[in-house]
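As structure tokens, the structure follows; a few thoughts come after it.
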Amino acid sequence: MNAQQLKNTFKKLYNTEPILVRSPGRINIIGEHTDYNGGFVMPAAIDKAIYVAISKREDDEVHLFSESYQQFDISSIRELKKSENSWANYILGVADQLKERGYQLGGFNFYIDGDVPLGAGLSSSAAVECATGFALDQLFSLSVSKMDIALIAQKAEQTFAGVNCGIMDQFASVFGKKDQAIMLDCRSMKHIYIPLKLDGYKLLLLNTNVKHKLADSAYNKRRAQCEQGVAWVKEHYPNVNTLRDVDLSMLEAYVKPKDAEVYTKCSFVVKEIGRLLTAAEQLENGNLQGLGKLMFETHEGLSNDYEVSCKELDFLVDAVKPLDFVLGARMMGGGFGGCTINIVKEDKIADLIEELTSKYQLEFGLKLDAYTVQTDNGTSLYN
């Protein structure tokens with residue numbers, strides 16, 4: 001995405017000079033469905049991003065334009081409310097949250113474009129929110145901290161977009177660093193950077209191009225099951241607040257006798273938190289093989305125990321499992337569609353994509369999209 005092109009398009013729309021901001025999508029190396037359970041996650045920002053251009057207006061109006069949707073959305077900064085254009089709510093929600101916190105905003109012109117594939121589970125929505133927060137901060141000299149930009153973005157998604165998301169996506173978008181994964185403690189919000197050196201290997205994302213209807217209802221159900229498991233353990237251990245505080249023996253004693261399904265769901269999360277801590281050690285030691293093995297284990301748990309996979313995702317992971325040049329693979333994100341993330345030997349990627357594209361087409365009658373991604377820096381001015 002070229003900065004000059006962005007400026008030119010913006011000037012044609014609004015006839016003023018803009019501030020430009022770039023905010024990346026993210027991948028999650030390991031640690032799935034652990035964020036809302038007070039555990040750890042290991043995201044990284046990627047080299048696919050959302051780009052916004054913004055300028056002040058003389059009046060109180062908010063003029064938005066989306067390149068992807070080729071749509072305008074016009075409202076007033078004085079009375080922000082949800083728009084019928086769903087894409088606009090990610091932007092308006094952030095402005096609303098800033099106002100809630102007492103920041104003074106005026107009217108503004110806004111243009112949005114990007115190359116984060118929509119619906120692939122790469123958190124294009126979080127990138128939009130973080131780009132918006134950062135852009136409004138720059139435009140109106142608000143001095144919002146990076147942490148607050150992430151928290152405001154998360155709250156915007158929960159209120160205006162109606163998605164009860166954890167903090168991982170927004171945090172990764174703001175705090176990402178090139179050649180690093182972030183080990184984020186979702187309880188304390190403390191984070192450390194872990195080197196992600198892929199010598200000779202690359203991260204390959206394979207997009208199923210499906211999004212099964214179950215996704216949202218299943219996500220809410222899993223959250224409820226995890227909370228139920230915690231409540232049963234808490235009756236015996238009052239200091240327990242999330243599954244982060246729970247071990248397998250507690251689940252065995254106090255959850256399994258009450259509900260076998262809740263036990264299985266909670267066990268997955270407890271094991272996944274353990275896997276992430278091991279994965280961090282493997283990366284610190286430069287052991288990509290060790291990381292890959294854990295990724296395969298995570299997928300098995302997500303598919304069989306947490307039951308948030310689908311036949312398309314399982315097909316793609318099963319297809320690469322026997323290949324010695326693929327170190328690890330798993331479904332990524334909330335589930336029921338989206339991408340698998342794979343660690344693949346660089347010189348084998350083109351052949352693998354070709355082979356899997358035809359196999360996937362044959363099996364499901366669907367197009368398989370593939371993207372190689374690299375880690376990149378977080379939200380920043382773009383010029």
Query raised in the report: With no hydrogens and no angle check, do the side chains of Asp60 and Ser76 hold a donor and an acceptor under 3.5 Å apart?
Result: no
Query raised in the report: Ser125 versus Glu129: any side-chain heavy-atom pair under 4.5 Å?
Result: yes
**Report entry** Distance (rounded to the nearest 0.5 Å) between Glu157 CD and Asp169 CG
**Finding:** 7.0 Å
Report task. Mark yes or no for whether Asn287, through its side chain, and Leu283, through its backbone, hold a donor-acceptor pair below 3.5 Å. Result -> no
Query raised in the report: Is it the case that one hydrophobic cluster holds both Tyr36 and Val230, taking links as side-chain heavy atoms less than 4.5 Å apart, direct or via other members?
Result: yes
**Report entry** Atom pair OG1 (Thr264) and CG (Asn304), whose distance is rounded to the nearest 0.5 Å
**Finding:** 11.0 Å
Query raised in the report: So, the side chain of Asp35 versus the backbone of Gly38: is there a donor-acceptor pair under 3.5 Å, distance only?
Result: no
**Report entry** Option among Val317, Leu368, Thr357 that satisfies the side-chain contact (heavy atoms from CB on, under 4.5 Å) test with Leu206
**Finding:** Leu368
Query raised in the report: Are Leu205 and Asn342 side-chain neighbours, meaning at least one heavy-atom pair lies under 4.5 Å?
Result: no
Report task. Look up atom SG in Cys339 and atom CG in Asn207, then write down how far apart they are to the nearest 0.5 Å. Result -> 4.0 Å
Requested in this report: State plainly whether the residues Glu363 and Lys359 are in salt-bridge range, i.e. N to O under 4.0 Å.
Outcome: no
**Report entry** Side-chain H-bond candidate by donor/acceptor type, His63 with Asp73, under 3.5 Å
**Finding:** no
Query raised in the report: So do the side chains of Lys367 and Tyr360 get within less than 4.5 Å of each other, counting heavy atoms only?
Result: no
Query raised in the report: Side chains of Tyr306 and Lys265: does their closest heavy-atom pair fall under 4.5 Å?
Result: yes
Query - Pair Glu307 + Arg222, salt bridge at N-O below 4.0 Å - result: no
Query raised in the report: Thr340 versus Met332: any side-chain heavy-atom pair under 4.5 Å?
Result: no
Requested in this report: Please answer whether the main-chain N or O of Gly133 pairs with a side-chain N or O of Asp137 as donor and acceptor at a distance below 3.5 Å.
Outcome: no
Query raised in the report: Under a 4.0 Å N-O cut-off, is there an ion pair linking Asp324 with Lys348?
Result: no
Requested in this report: Over all heavy atoms of both residues, which pair between Val52 and Ala135 is shortest? Give the atoms and the distance, please.
Outcome: CG2-CB, 3.9 Å
Query raised in the report: Is there a path from Leu313 to Phe315 through hydrophobic residues (I, L, V, M, F, W, Y) whose side chains come within less than 4.5 Å of each other?
Result: no
Requested in this report: Taking only Lys NZ, Arg NE, NH1 and NH2, and the carboxylate oxygens of Asp or Glu, determine whether Arg187 and Asp245 approach each other closer than 4.0 Å.
Outcome: yes
**Report entry** Under-4.0 Å salt bridge between Lys345 and Asp347
**Finding:** no
Query raised in the report: Looking just at side-chain N and O atoms, do Asn8 and Gln4 make a donor-acceptor pair shorter than 3.5 Å?
Result: yes
Report task. Measure the shortest side-chain to side-chain distance between Phe171 and Gln154 over non-hydrogen atoms and say whether it is less than 4.5 angstrom. Result -> no
Query raised in the report: Is the closest side-chain donor-acceptor distance between Glu346 and Tyr201 under 3.5 Å?
Result: no
Query raised in the report: What orientation do Tyr254 and Tyr237 show, parallel under 30°, tilted 30 to 60°, or perpendicular over 60°?
Result: perpendicular
Query raised in the report: Between Ser83 and Asn89, does any side-chain donor sit less than 3.5 Å from a side-chain acceptor?
Result: no
Query - Side-chain H-bond candidate by donor/acceptor type, Asp369 with Asn209, under 3.5 Å - result: yes
Query raised in the report: Any ion pair linking Lys190 and Asp185 (charged N to carboxylate O, less than 4.0 Å)?
Result: no
Query raised in the report: In Å, rounded to the nearest 0.5 Å, how long is the span from CG of Leu142 to CG of Asp148?
Result: 11.5 Å
Query raised in the report: Do the charged groups of Lys48 and Asp115 touch, with an N to O distance under 4.0 Å?
Result: no
Query raised in the report: Tell me, do Arg244 and Phe40 make a side-chain contact under 4.5 Å, heavy atoms counted?
Result: yes
Requested in this report: May I ask whether Ile112 and Leu105 are part of the same hydrophobic cluster, defined by side-chain heavy atoms of I, L, V, M, F, W, Y residues being less than 4.5 angstrom apart, directly or through others?
Outcome: yes
Query raised in the report: CD1/Ile343 to CZ/Arg330 distance, rounded to the nearest 0.5 angstrom?
Result: 10.0 Å
Requested in this report: Could you state whether Leu288 and Ile30 fall into the same hydrophobic cluster, counting links through intermediate Ile, Leu, Val, Met, Phe, Trp or Tyr residues with side-chain heavy atoms under 4.5 angstrom apart?
Outcome: yes
Query raised in the report: Are a donor atom and an acceptor atom from the side chains of Thr242 and Asn37 found within less than 3.5 Å of each other?
Result: no
Query raised in the report: Can a donor-acceptor pair be found between the side chains of Ser123 and Arg26 at a distance below 3.5 Å?
Result: yes
Query - Ile29 reachable from Leu316 in the ILVMFWY side-chain graph, under 4.5 Å edges - result: no
Requested in this report: Hey, can you tell me if Tyr14 and Phe10 have their rings parallel, tilted or perpendicular (30° and 60° cut-offs)?
Outcome: tilted
Requested in this report: Assess whether side-chain contact (heavy atoms from CB on, under 4.5 Å) is satisfied between Ser23 and Val128, documenting all intermediate values.
Outcome: CA-CA 7 Å; Ser23 193; Val128 172; over 6 Å; no
Query raised in the report: Does the side chain of Glu32 pick up a donor-acceptor pair with the side chain of Thr298 at under 3.5 Å?
Result: no
Report task. Measure from NZ or CZ of Lys56 to the centre of the six-membered ring of Phe108, then state whether that distance is under 6.0 Å and the direction lies within 45° of the axis. Result -> no
Query raised in the report: Looking at side-chain heavy atoms only, is the closest gap between Pro18 and Lys7 below 4.5 Å?
Result: yes
